[in-house]
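Only one structure is covered here, and it is reproduced in the block below.
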Amino acid sequence: MSRLILALDVYDRERALGIAECTADYLWAIKVNWPLIIGSGLKIITELKQVTGLPVIADLKLADIPNTNRLIARKVFEAGADYIIAHGFVGREGVKAVMELGETIIVVEMSHPGAKEFIQPVTDKLIEMANELEPFGVIAPATRPERVSYIRSKLKPGIKVITPGVGAQGGKAGDVLKAGADYIIVGRAIYQSENPRESAGSIFEEVKAWS
Ligand code: XMP
C-alpha cells in the first residue's frame, strides 16, 4: 500500500478531478483543504471518492469551540470525508467533538517556519493529548525530521504520524520516513508539475524504497 498523500490545493473542480484520477495509482489518500472546498464546494469530496475510490482527508484544521467543530465535522463526514484534521490547542473538548463523529488527525506541530513561534513550544502537551485521546494520527513536520523522530518516540504505538512539507517546503521523503513517518503529504511538487502522474510516480518509488 502506498504511503503517499496528495494535497490537492487547487480551486477548480475539473482540474482537481483530473489530477486525482491520473495520480490515484500512486496514492494512499487525497487531502483536500480550504482552497479546493471554497473553489469547488463540499461535494468535491464525494466526487473525488467516486472517481478514485481513495480515502479523503479533510484538512480543515478545525480550531473552534466544540459545538462549531461538531457542526462543521458532521457535514464534512456526511460528504464522505474519511478523516478530518483538527487543531488540539483549542482544548481536548474541541477535538473530542470531531472524534465522536469520525476518524480524526490532530496537529501536534506544523511544517512552516512560524510553527516555532507558538505551536512547537506546546508540542509535548499536544502529544500528551493525542496519547490520551488516541486519534487515527497526528500531523508532524516533514521539514524537521528530527522533530518527527522526537514526536514518534513520545507517541503511543499505533497512532500514525502524517507529515506535510515534502517537496515545495523543502522536506525530503527519505529523511522523514527514516525518522518514523507513516505517511507523507505532497502538494505543489505534484499538482504544479508539468506531469503530475510522473511526479507522483517518482515520489511513490522513493517512498517504496523506504517501506
Ligand atoms: P505543499 O504544496 O507544501 O502542501 O506540499 C502541503 C499541504 O499540507 C498542508 N500543510 C499542513 N497541514 N499541518 C497541517 O495540518 C501542517 O503543519 C501543514 N503544513 C502544510 C498545507 O496546507 C498543504 O495543503
Side-chain angles (χ1 to χ4, degrees), residues 5 7-9 28-46 48-49 55-144 147-148 150-165 169 181-185 187:
I5 299 169
L8 197 46
D9 295 329
W28 170 66
I30 295 174
K31 184 176 83 64
V32 302
N33 199 331
W34 290 108
L36 182 56
I37 294 175
I38 290 167
S40 301
L42 195 54
K43 65 178 185 320
I44 192 69
I45 293 178
T46 322
L48 283 169
K49 286 177 68 83
V56 170
I57 300 170
D59 182 4
L60 305 178
K61 295 192 187 69
L62 288 180
D64 215 312
I65 60 170
N67 187 58
T68 309
N69 275 1
R70 185 178 302 113
L71 290 171
I72 297 169
R74 181 172 298 139
K75 286 292 172 192
V76 174
F77 282 128
E78 274 173 20
D82 297 276
Y83 306 89
I84 291 180
I85 299 179
H87 267 303
F89 64 76
V90 287
R92 70 199 64 223
E93 294 309 317
V95 177
K96 278 195 207 164
V98 182
M99 288 184 71
E100 278 161 15
L101 298 172
E103 296 281 13
T104 305
I105 298 166
I106 303 176
V107 180
V108 297
E109 190 168 319
M110 295 188 73
S111 58
H112 64 311
K116 291 190 175 170
E117 281 183 69
F118 298 111
I119 297 235
Q120 201 183 76
V122 295
T123 293
D124 284 341
K125 292 244 169 245
L126 294 169
I127 294 170
E128 258 174 53
M129 178 194 287
N131 283 337
E132 178 196 319
L133 299 182
E134 300 190 10
F136 172 78
V138 301
I139 296 283
T143 45
R144 293 179 215 102
R147 295 294 295 167
V148 172
Y150 175 78
I151 290 165
R152 175 73 278 168
S153 74
K154 299 279 171 189
L155 262 189
K156 272 190 185 167
I159 300 177
K160 306 287 186 204
V161 176
I162 301 154
T163 57
Q169 293 182 64
D182 294 288
Y183 299 101
I184 60 162
I185 296 174

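These numbers were taken from a predicted model, which means no experiment stands behind them.
Counting heavy atoms from C-beta outward, Pro66 and Lys96 have side chains that stay 4.5 Å or more apart. Put simply, the side chain of Val98 reaches to within 4.5 Å of the side chain of Phe77, judged on heavy atoms. Within the 4.5 Å cutoff, side-chain heavy atoms of Val138 are placed close to those of Ile159. Residues Thr104 and Leu133 fail the side-chain proximity criterion, which asks for heavy atoms closer than 4.5 Å.
A donor atom on one side chain and an acceptor atom on the other are not found under 3.5 Å apart for Thr143 and Gln169.
Expressed to the nearest 0.5 Å, how far CG of Leu60 lies from CG of Leu62 amounts to 5.0 Å. For the atom pair Lys75 NZ and Leu101 CG, the distance stands at 12.0 Å (nearest 0.5 Å). Atoms NE2 and CG, from His87 and Asp64 in turn, are 12.0 Å apart once rounded to the nearest 0.5 Å. Ile139 CD1 to Thr163 OG1: the interatomic distance, rounded to the nearest 0.5 Å, is 8.0 Å.
The only member of Ile45, Val32, Ile37 that meets side chain to side chain contact (heavy atoms under 4.5 Å, CB included) when paired with Val76 is Ile45. When each of Lys116, Lys125, Arg147 is paired with Glu109, the salt bridge (Lys or Arg N to Asp or Glu O under 4.0 Å) condition holds for Arg147 and for no other. Each of Ile84, Ile57, Ile162, Ile106 was scored for a side chain to side chain contact (heavy atoms under 4.5 Å, CB included) with Phe136, with one residue passing: Ile162.
Under the 3.5 Å distance criterion, the side-chain polar atoms of Lys156 are matched with a main-chain donor or acceptor of Asn131. Side chain of Ser40 to backbone of Ile38: no donor-acceptor contact under 3.5 angstrom is found. Between the side chain of Asp82 and the main chain of Val56, a donor-acceptor pair closer than 3.5 Å is present. Checking side-chain atoms of Arg144 against main-chain N and O of Met110 turns up a donor-acceptor pair under 3.5 Å. Proximity of a side-chain donor or acceptor of Asn69 to a complementary backbone N or O of Gly94 within less than 3.5 Å is detected.
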message: Would Lys31 and Ile85 count as a side-chain contact (heavy atoms from CB on, under 4.5 Å) here? Give the steps.
response: CA-CA 10 Å; Lys31 184 176 83 64; Ile85 299 179; 4.2 Å; yes
Could you walk me through whether Lys160 and Ile105 satisfy the side-chain contact (heavy atoms from CB on, under 4.5 Å) test, starting with their C-alpha distance in whole Å, then the side-chain angles of each, then the deciding distance to 0.1 Å, before giving a yes or no? CA-CA 9 Å; Lys160 306 287 186 204; Ile105 298 166; over 6 Å; no
May I have the step-by-step check of side-chain contact (heavy atoms from CB on, under 4.5 Å) for Thr123 and Lys154, ending in yes or no?
-> CA-CA 10 Å; Thr123 293; Lys154 299 279 171 189; over 6 Å; no
Exercise for the section: May I have the step-by-step check of side-chain contact (heavy atoms from CB on, under 4.5 Å) for Leu48 and Leu8, ending in yes or no? Expected result: CA-CA 10 Å; Leu48 283 169; Leu8 197 46; 3.9 Å; yes
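What you find for Ile185 and Ala7 is that their closest heavy atoms are CG2-CB, 3.7 Å. Ser111 approaches Gly165 most closely through the heavy-atom pair CB-CA, 4.3 Å. A pairwise comparison of heavy atoms in Val148 and Ala181 identifies CG1-N, 3.9 Å as the closest pair.
Using bins of under 30°, 30° to 60° and over 60° for the plane-to-plane angle, the ring pair Trp28/Tyr183 lands in the parallel bin.
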